[in-house]
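Read through the structure below, which is laid out as structure tokens, and then see the notes.
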Amino acid sequence: MKKLTNAILPVRIGGVDISSITYAKFKFKQGSSSKVFVYPSDDATVIGRCAIGLHFKPEDTAMFDADKAVEFDSLIKVNDSPNFLDTKPSTIKLTPTLFTIEEIDDD
């Protein structure tokens, strides 16, 4: 994902029918900066048959340093289950851009 862009990050959830997910929370953290997405919402929508798309705005990606690991974790609740799915934390990296946030805001 490129820093300072509108981006949709697809989160693929294997072994589960997306329509059976009633609630999900996705957290991205790097140092003291964090961004949380809650599904379902305008910022977290179904993409295709097996993924939830997390809609990042330029100001969301501006929070994180490029080329440094951003920690990612999730909580996923499925219909008719009192428990959350067992998910593993992971990391992503943003790629840098030549633009600054001020140049993006000028558009």
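Side chains included, hydrogens not; waters and symmetry mates left out as well; all remaining heavy atoms used.
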Evaluate the side-chain proximity of [Y] to [X]: yes if any heavy-atom separation is below 4.5 Å, no if none is.
| X | Y | answer |
| --- | --- | --- |
| P96 | K3 | no |
| V38 | Y23 | yes |
| I47 | I52 | no |
| H55 | T45 | yes |
| S33 | F64 | yes |
| Y39 | V11 | no |
| P58 | N6 | yes |
| I21 | V16 | yes |

For the hydrophobic clusters of this structure (ILVMFWY residues joined by side-chain heavy atoms under 4.5 Å, transitively), does one cluster hold both I8 and M63? no
Is it true that L85 and V36 fall in one hydrophobic cluster, defined by side-chain heavy atoms closer than 4.5 Å? no
To check you understand the geometry: which heavy-atom pair defines the closest contact between [X] and [Y], and what is its length?
| X | Y | result |
| --- | --- | --- |
| G48 | V46 | O-CG1, 3.3 Å |
| V70 | Q30 | CG2-NE2, 3.7 Å |
| R49 | I18 | O-CG1, 3.4 Å |

Quiz item: cation-pi between K35 and F37, 6.0 Å / 45°: yes
Under the rule for salt bridge (charged side-chain N to carboxylate O under 4.0 Å, His left out), what residues qualify as partners of K68, not counting sequence neighbours? D65
Can you name the salt bridge (charged side-chain N to carboxylate O under 4.0 Å, His left out) partners of K29, sequence neighbours left out? none
Derivation of the side chain to side chain contact (heavy atoms under 4.5 Å, CB included) call for F56 and L9: CA-CA 7 Å; F56 281 84; L9 179 66; 4.0 Å; yes
Check each of T61, L4, T5 against T97 using the side-chain contact (heavy atoms from CB on, under 4.5 Å) test, and report the only one that passes. L4
Under the criterion side chain to side chain donor-acceptor pair (under 3.5 Å), I'd like the reasoning laid out for D17 against S19: C-alpha separation, chi angles, the key distance, then a yes or no. CA-CA 5 Å; D17 182 357; S19 66; 3.0 Å; yes
Counting only heavy atoms not in K25, do more than 12 fall under 6.0 Å of its NZ? no
Which value, rounded to the nearest 0.5 Å, describes the distance between L75 atom CG and D73 atom CG? 6.5 Å
Within this structure, what is the OG-CG distance for the pair S74 and D86, rounded to the nearest 0.5 Å? 9.5 Å
Side chains of S41 and D43: any donor to acceptor distance under 3.5 Å? no
